[in-house]
Amino acid sequence: MESLPFEAQTALVSFAAAVLIGGPVALIGAGRVLTIARLATRFALKRQLTTMFGLSLLGYAGAAAGGLIGLPAADPASLLASLSH
């Protein structure tokens, strides 16, 4: 993906986001998607510890999967430094 021009990368990411958001809306309807989002938000706010623990596990699983397929480890210091430029 790094060999693609910036515009193509942006278009691919935008398309992927649109498919992820638009797919469920098209399949089950906007009203139901909003109801599910509202219920998920209510659950997350009422059970913050459970939600934080689940998101932590999800992040760890992503990092572990990245290590299994040979992706380089992220350097948080350089990531934060790149945000300030």
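This chain uses plain numbering: 1 for the first residue, then up along the sequence. For the numbers below, each heavy atom of this structure counts, side chains included, while hydrogens, waters and symmetry mates do not.
- Residues that satisfy the side chain to side chain contact (heavy atoms under 4.5 Å, CB included) test with L20, not counting sequence neighbours, are absent from this structure.
- In the hydrophobic clustering, where aliphatic and aromatic side chains (Ile, Leu, Val, Met, Phe, Trp, Tyr) are joined below 4.5 Å either directly or transitively, F53 groups with L57.
- Using a 4.5 Å cut-off between side-chain heavy atoms of Ile, Leu, Val, Met, Phe, Trp and Tyr, L49 falls into a hydrophobic cluster with M52.
- Rounded to the nearest 0.5 Å, atoms CG (L34) and OG1 (T41) are 10.0 Å apart.
- Taking a 6.0 Å sphere around CZ of R32, one finds it holds 12 or fewer heavy atoms contributed by other residues, nucleotides or ligands.
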